[in-house]
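Everything on this sheet refers to the single structure shown next.
Chain letters run A, B, ... following the sequence lines, proteins first, then strands; residues in each count from 1. Just so you know, these numbers use all the heavy atoms, side chains as well, and skip hydrogens, waters and symmetry mates.
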Number of protein chains: 4
Amino acid sequence: MAKNKKNKIIATSTKLFAVQGFDNTTTLQIAKESGVTEPLLYYHFKGKEEIFTDIINRIFTEYTNLIAALPLDTANEFEKVSNLFKLHIAIAENRPHDGRLIMANCPSKLKNDRHICQEIIYKQQEMVTSYLKDCLNKGNASGEFDAHPVDDLVIVILCLINGILRKKLLGKKESSSYEFTAIEFCRRALVPSK
Amino acid sequence: MAKNKKNKIIATSTKLFAVQGFDNTTTLQIAKESGVTEPLLYYHFKGKEEIFTDIINRIFTEYTNLIAALPLDTANEFEKVSNLFKLHIAIAENRPHDGRLIMANCPSKLKNDRHICQEIIYKQQEMVTSYLKDCLNKGNASGEFDAHPVDDLVIVILCLINGILRKKLLGKKESSSYEFTAIEFCRRALVPSK
Amino acid sequence: MAKNKKNKIIATSTKLFAVQGFDNTTTLQIAKESGVTEPLLYYHFKGKEEIFTDIINRIFTEYTNLIAALPLDTANEFEKVSNLFKLHIAIAENRPHDGRLIMANCPSKLKNDRHICQEIIYKQQEMVTSYLKDCLNKGNASGEFDAHPVDDLVIVILCLINGILRKKLLGKKESSSYEFTAIEFCRRALVPSK
Amino acid sequence: MAKNKKNKIIATSTKLFAVQGFDNTTTLQIAKESGVTEPLLYYHFKGKEEIFTDIINRIFTEYTNLIAALPLDTANEFEKVSNLFKLHIAIAENRPHDGRLIMANCPSKLKNDRHICQEIIYKQQEMVTSYLKDCLNKGNASGEFDAHPVDDLVIVILCLINGILRKKLLGKKESSSYEFTAIEFCRRALVPSK
DNA sequence: TATGAATGAGAATTCATTCAT
DNA sequence: AATGAATGAATTCTCATTCAT
């Protein structure tokens, strides 16, 4: 019973923060949609901000785990790039609220003071960046890629993934084969044609 | 004198909305930073929302003009694609606040009721999409591109531009040669190597 | 074990009420500093108010006992006055929290309805007043004092004791020989010089 | 009209803080009894605490002025002591709310951080102490008093004034000739009989 | 005895907006 | 064109207290 309600609060808040943003979501709304009273929010969390921080922490932990679980023994390096795209596409489809919160920047209210939120986002970016960099370097070395300059290309590819993710999350639902076109787009840019 | 104050209000609001978001900006803050009193805001505008709508209108009018002014008589079609990238890079550098507001989605408060804000964003997307589609089609026809499927690729390229723009606007200022790497990335994906 | 916890609650509450006041002390604070949970407070007491009333009762019972235990067979009447001073000085030194609660008036919340708190304070004042009045009367009769008008002087002396007690309890700790100067001050005012 | 409402707020708050204490007075109560709405409190003051601080400031300024205005060219030194008593008696009778706030200590909530409230009380005590010390010293020098030790006696007299003031303010209204008995009490303790 | 979970009532404060001038 | 004063409606959060176990 107990865990139930706390989990309900987290689920509701995740949805509301994702859809409406932090500033535009009220504690009363969270409480009502969770089927509890406001003070219970304050029994389980220190305040609205802590609810948010908790959620962000959970999401990024899960996200980090997903990245870490990507297979390293692929047939070729591009498959790793492709997997990174697919991972984000899957997030958009299976956990759109989490996805929106990954996309969104920290609410500006929380931006100061090296807020945990900022730190987490930074670390996660480091992680993905290093994953991709390693992969491009290996591909270059083996002749699979002709990817120069590596550092810039990493940024470009991440920007593309980011753009696709946003499109899926915020745009209207479309037929959506473009995600796979994006992967091909990428392949053609990286892999030299014979 | 009068116009002066109204313009100051608009400039201040643009900055604040861009930096803090709509929800997190108060009318008092706008008034104080504009050097006027709150009731004056209501003399010039119907309310906070109208200030926002006015700004969005102005920004998208300017944006539309910029798109419309792109040269149509380029040496080849890819130059048009390249120009579209450069246009957005220039916005990020010269008018970052406007850029942020172009990027940001409507504050969720304003999302209902077919708010003007939504309409404007929709129209602008149509415009850029059609510009790019036309360009890809022509490139395909002339053999300059090998771009298929066109509709999806248009989306992909716009996602990339979008991603780059966000990076420039929201990320830390970096050495930033990646923007041009993005253009090359795109060229390699579109133009078949001989 | 049980008594232990109840006593801990009482001790903690006494300290907190004395230092912070009734209104500014929360039941959660009492519980935490007592090392128990809030519902236990309600197991042992009917509510916050009853904790307070219990404490006041205990303090005034002890106080009353102290007054009643003052020796009646002194060498002279002034010694009794002096003893009354010393008693209060001792309370301030040995049981400052109790002292503060004796000094403080009932929290205004509890002032209505002929709250027990008011009654107790009233009775205790009667007691001290009558002790002192008796003593002055006897001193006057024997020629030891030249104390007129007795009723007013009783009030004056009690005001002085009260003032001294407050000073000791609320002021910064000072060298504090003034308490004995106060007794001498009183002697000179009461006992005619030959 | 404007000043009117602000003054009403101040007057109401003074009364409520004096009668009920800071903690036990709500902003809603202040607003209602002032005939205004709560937000107006926040238009005129930064918050509940600032209302309190403002009042304390005003009261102590007035109090300080009264002390400073005491005549220095009296027939003898005891008249100065007597005047100090009378001044406080007058405050208790004419401005009981102010008197209560002078008596009361800072609400414990405001006790930290060298709150202005603490500073003010400290300064005012310095002032009265030095007034009285000077007066006792002069009286000793001229042979009018036989007051030793001066520093302690100053404290004792202030404690007596304090005690009398509290009695008048907090006790039930009594016939009250005891205030003048207090002055005589003091004279007999200070002035040696021939 | 003892507690984790829960709540009704209310507290201080903020905000977009309006009114009278 | 401009403002000082004022407010209705919310918002975040706290508190004493109770319930189920």
Side-chain angles (χ1 to χ4, degrees), chain A residues 1-6 9 23-31 34-51 109, chain B residues 1-6 9 22-31 34-51 109, chain C residues 1-6 22-31 35-51 109, chain D residues 1-6 9 23-31 34-51 109:
Chain A
M1 284 292 158
K3 267 281 156 67
N4 256 350
K5 291 209 181 176
K6 182 167 183 184
I9 292 170
D23 291 327
N24 203 36
T25 300
T26 73
T27 50
L28 182 59
Q29 205 182 4
I30 295 173
S34 301
V36 303
T37 56
E38 270 189 290
L40 192 64
L41 304 184
Y42 292 85
Y43 177 76
H44 287 301
F45 303 91
K46 252 164 69 181
K48 185 181 165 186
E49 196 174 318
E50 205 194 70
I51 301 180
K109 257 182 198 159
Chain B
M1 283 296 153
K3 266 283 155 72
N4 253 351
K5 290 207 179 176
K6 182 166 184 185
I9 291 170
F22 180 81
D23 290 328
N24 204 34
T25 299
T26 72
T27 50
L28 183 58
Q29 206 181 2
I30 295 173
S34 302
V36 303
T37 56
E38 276 185 290
L40 193 63
L41 303 184
Y42 290 83
Y43 177 80
H44 286 302
F45 302 91
K46 247 163 70 184
K48 186 182 166 187
E49 198 174 316
E50 204 194 69
I51 300 181
K109 256 183 199 160
Chain C
M1 283 297 155
K3 266 283 154 70
N4 253 350
K5 290 206 179 177
K6 182 166 184 182
F22 180 82
D23 290 326
N24 203 37
T25 299
T26 73
T27 50
L28 182 59
Q29 205 181 4
I30 295 172
V36 303
T37 55
E38 276 185 290
L40 194 64
L41 302 183
Y42 290 84
Y43 177 80
H44 286 301
F45 303 91
K46 247 162 67 184
K48 185 180 167 187
E49 196 174 317
E50 203 194 70
I51 300 180
K109 256 182 199 159
Chain D
M1 282 294 159
K3 268 281 155 66
N4 256 352
K5 292 210 178 172
K6 181 166 185 183
I9 291 170
D23 289 327
N24 203 35
T25 300
T26 73
T27 50
L28 182 60
Q29 206 180 3
I30 294 173
S34 301
V36 302
T37 56
E38 273 187 288
L40 192 64
L41 304 184
Y42 292 85
Y43 177 76
H44 287 301
F45 303 91
K46 250 165 70 182
K48 185 180 165 187
E49 197 174 317
E50 204 194 70
I51 301 181
K109 257 183 198 159

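Heavy atoms only, all atoms of each residue included: D:Leu28 and D:Glu38 are closest at N-OE2, 3.4 Å. Residue D:Thr27 comes nearest to D:Leu41 through the heavy atom pair O-CD1, 3.4 Å, listed as atom of the first residue, atom of the second, then distance.
Along DNA chain F, the nucleotide nearest to D:Val36 and the one nearest to B:Leu40 differ in position, and the one closer to the 5' end is contacted by B:Leu40.
Close to E:dG4, at under 4.0 Å from its OP1 or OP2, lies no side-chain N or O of A:His44. Between A:Lys5 and E:dA5 there is no side-chain polar atom (N or O) within less than 4.0 angstrom of OP1 or OP2.
Atom pair C:Leu41:CG and F:dT18:P shows a separation of 12 Å (rounding to whole Å applied). Atom CD1 of C:Ile51 and atom C1' of F:dA16 are 11 Å apart (whole Å). Rounded to whole angstrom, the span from the CD atom of A:Glu50 across to the C1' atom of F:dT12 amounts to 15 Å. In this structure, D:Ile9 atom CD1 and F:dT7 atom P are separated by 9 Å, rounded to whole Å. Distance, C:Tyr43 OH to F:dA20 P: 18 Å, rounded to whole Å. Rounded to whole Å, atom C1' of F:dT18 lies 18 Å from atom CZ of C:Phe45.
Interatomic distance, CG of D:Leu40 versus CD1 of D:Ile30, reported as 12.0 Å (0.5 Å rounding). Separation of atoms CD1 (A:Ile51) and NZ (A:Lys46) is listed at 13.0 Å; rounding is to 0.5 Å.
At a threshold of 4.5 Å between non-hydrogen side-chain atoms, the residues A:Asp23 and B:Phe22 do not count as touching.
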Just the atom pairs and distances: protein N or O near nucleotides 11-14 of chain E's N or O, under 3.5 Å.
| from | atom 1 | to | atom 2 | distance (Å) |
| --- | --- | --- | --- | --- |
| E:dA12 | OP1 | D:Lys48 | NZ | 3.1 |
| E:dA12 | OP2 | D:Thr27 | N | 2.7 |
| E:dA12 | OP2 | D:Thr27 | OG1 | 2.7 |
| E:dT13 | OP2 | D:Tyr42 | OH | 2.8 |
| E:dT13 | OP2 | D:Lys48 | N | 3.1 |

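Remark: A:Glu50 engages no residue in a side chain to side chain donor-acceptor pair (under 3.5 Å) (not counting sequence neighbours). The side chain to side chain contact (heavy atoms under 4.5 Å, CB included) test applied to D:Gln29 returns D:Leu16, D:Gln20, D:Thr25, D:Thr26, D:Glu33, not counting sequence neighbours. The side chain to side chain donor-acceptor pair (under 3.5 Å) check on A:Asn24 picks up B:Ser108, with sequence neighbours excluded.
In this structure, C:Lys6 forms a cation-pi arrangement with C:Phe45, its terminal cationic atom sitting closer than 6.0 Å to the ring centre and no more than 45° off the ring axis.
Over its length, the helix from E:dA2-F:dT21 to E:dT21-F:dA2 turns its helix axis by 30°, as judged from the five terminal pairs at each end, rounded to 10°.
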